[in-house]
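Below is one structure, written out as structure tokens; comments come after it.
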Amino acid sequence: MSITEESTLRVLLYEGTGSTELESEDRFNTMSRLLESGYTVTRATGNGKVASHDRGSMLVLGQFADGQPPADQVEQPEASVRFQDISELDQDAIIETVEKTRDETGAAEHGAWKPWFPVIDYDRCTNCMQCLSFCLFNVYGVDDDNQIQAQHHDNCKTNCPACSRVCPEAAIMFPKYKTGPINGDKVTAEDMSGEKMKVDISALLGGDVYSALRNRSVQAQERFSKERDEKKALNERQKCMKKLAESATDIPKEVLMSLPSPDEIAKKADEAKARAEAALARQRELEG
Amino acid sequence: MPRILYCHCAYAQVVPPDTKEEVLRQLCDSGVAFDAVADLCEMAARKDPALKRYAEGDVKIAACYPRAVKWIFGGVGCKLNNETTEVLNMRTEQAEYIMDTLLTDDISPNLPDDNDARKPTEEELPTAN
Ligand code: SF4
Ligand code: SF4
């Protein structure tokens, strides 16, 4: 199942009327542990507003006077709501209860994937499709209005910010990246003019990265047909990737080494380029 | 009082752990109701419909850079309102400042708008020497 189809469990820590407040340390530890485990947690008190709830499962935890909070205190959405009195439960038992509920409600398990993907700043993006034609992993696509979108977030290679460097507008962010402007910090004039953003990966291999790789692939193929030496092919790829790595030092080695073979890269690049060209042609049609 | 949304950035070490711990601790002790999420980025990747509800109305969000938060929501069709959203950056601000700002009734919207994003003019670009 794709991550966009999974439902999630919301935990509500109820400390309003009809319940006893948790001790400060217990409340903090419960919240921390639930957040570390990937849950969304709402603390409900008599003071202040929280977001409404209309779908997905919710588990209400509290030290209830009668084992359950007064019915008029908790909004009853259509979604399934369960209650758990935690008066007698220690931290481990609370987490266990939440995990059990998650399991029973079929809600998503968190933490298997580090959420790393491009976030597009549409105030800057000009819809030029360079990112779409660059990315080999089908992360990008276009919406019904032909606008560029990050579509398959979990296809993105963890810790790799390469596409942010091919965007001519510095419009691609990775919020978990270490430095700006890729992390979402302001884009300065210096960023736009300086080397920092202008590492043009497609120029690194002496022009267009894809055609460079394709040429290598053709040469490699010729050699393969003569000697079929897989080791040589791997060396070739490593040499090529090493060059890329030297010039763009923040692209993790594992990412470079997990790139497809030159042949696959050539094929994927052609596909991505065709998708970008089709999107641009549609865009011209719409505008024209 | 605006709603409060706290992001724990659970799957990366980019928010200083001391800052997020202190903000969460003080929020827990404040007596104020609030929403906390493990990781807004993960919710965006899931296109979690809850983001729409978090984006509604007056809201103060303790997370990271306002430009990133704006488009984490906006990129999955849950636009934050430029007039009613304030983002507090736990990557750069101290916990004390964040808490003081979160717990006041007034709101100082600070999402970047299109004008902030315009390209620099030739004159603004640094010269080569
Ligand atoms: S490369 Fe940048 S400007 Fe071009 S479509 Fe992608 S995000 Fe937009
Ligand atoms: S929105 Fe910012 S603080 Fe929250 S998970 Fe993403 S990078 Fe971390």
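Below, read A as the first sequence line, B as the second, and so on, with proteins coming before strands; counting in each chain starts at 1.
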Exercise. So how far is it from B:Cys28 SG to A:Leu22 CG, rounded to the nearest 0.5 Å?
Worked result: 9.5 Å

Seminar exercise, completed: CG (A:Asp185) and CG (B:Asn89) are apart, to the nearest 0.5 Å, by 8.0 Å

For this session: Carefully, step by step, assess A:Ser32 and B:Leu24 under the rule side chain to side chain contact (heavy atoms under 4.5 Å, CB included).
Result: CA-CA 8 Å; A:Ser32 294; B:Leu24 181 61; 3.6 Å; yes

For this session: For the pair A:Lys49 and B:Met1, evaluate side chain to side chain contact (heavy atoms under 4.5 Å, CB included) and give the outcome as yes or no after the intermediate values.
Result: CA-CA 8 Å; A:Lys49 283 178 282 185; B:Met1 189 175 179; over 6 Å; no

Problem set entry | Flag, side chain of B:Arg91 to backbone of A:Lys178, donor-acceptor distance under 3.5 Å | yes

Exercise. Does A:Arg43 reach the main-chain N or O of B:Phe34 with its side chain, forming a donor-acceptor pair under 3.5 Å?
Worked result: no

Regarding [X] and [Y], does a basic nitrogen lie under 4.0 Å from an acidic carboxylate oxygen?
X	Y	answer
A:Glu25	B:Arg25	yes
B:Arg67	A:Asp121	yes
A:Asp154	B:Arg46	no
B:Asp48	A:Arg10	no

Problem set entry | Any donor-acceptor N or O pair under 3.5 Å, side chains A:Thr40, B:Asp35 | no

Exercise. B:Leu27 versus chain A, heavy atoms under 4.5 Å apart: side chain, backbone, both or neither?
Worked result: backbone

Problem set entry | Part of A:Val50 within contact of chain B (heavy atom distance under 4.5 Å) | both

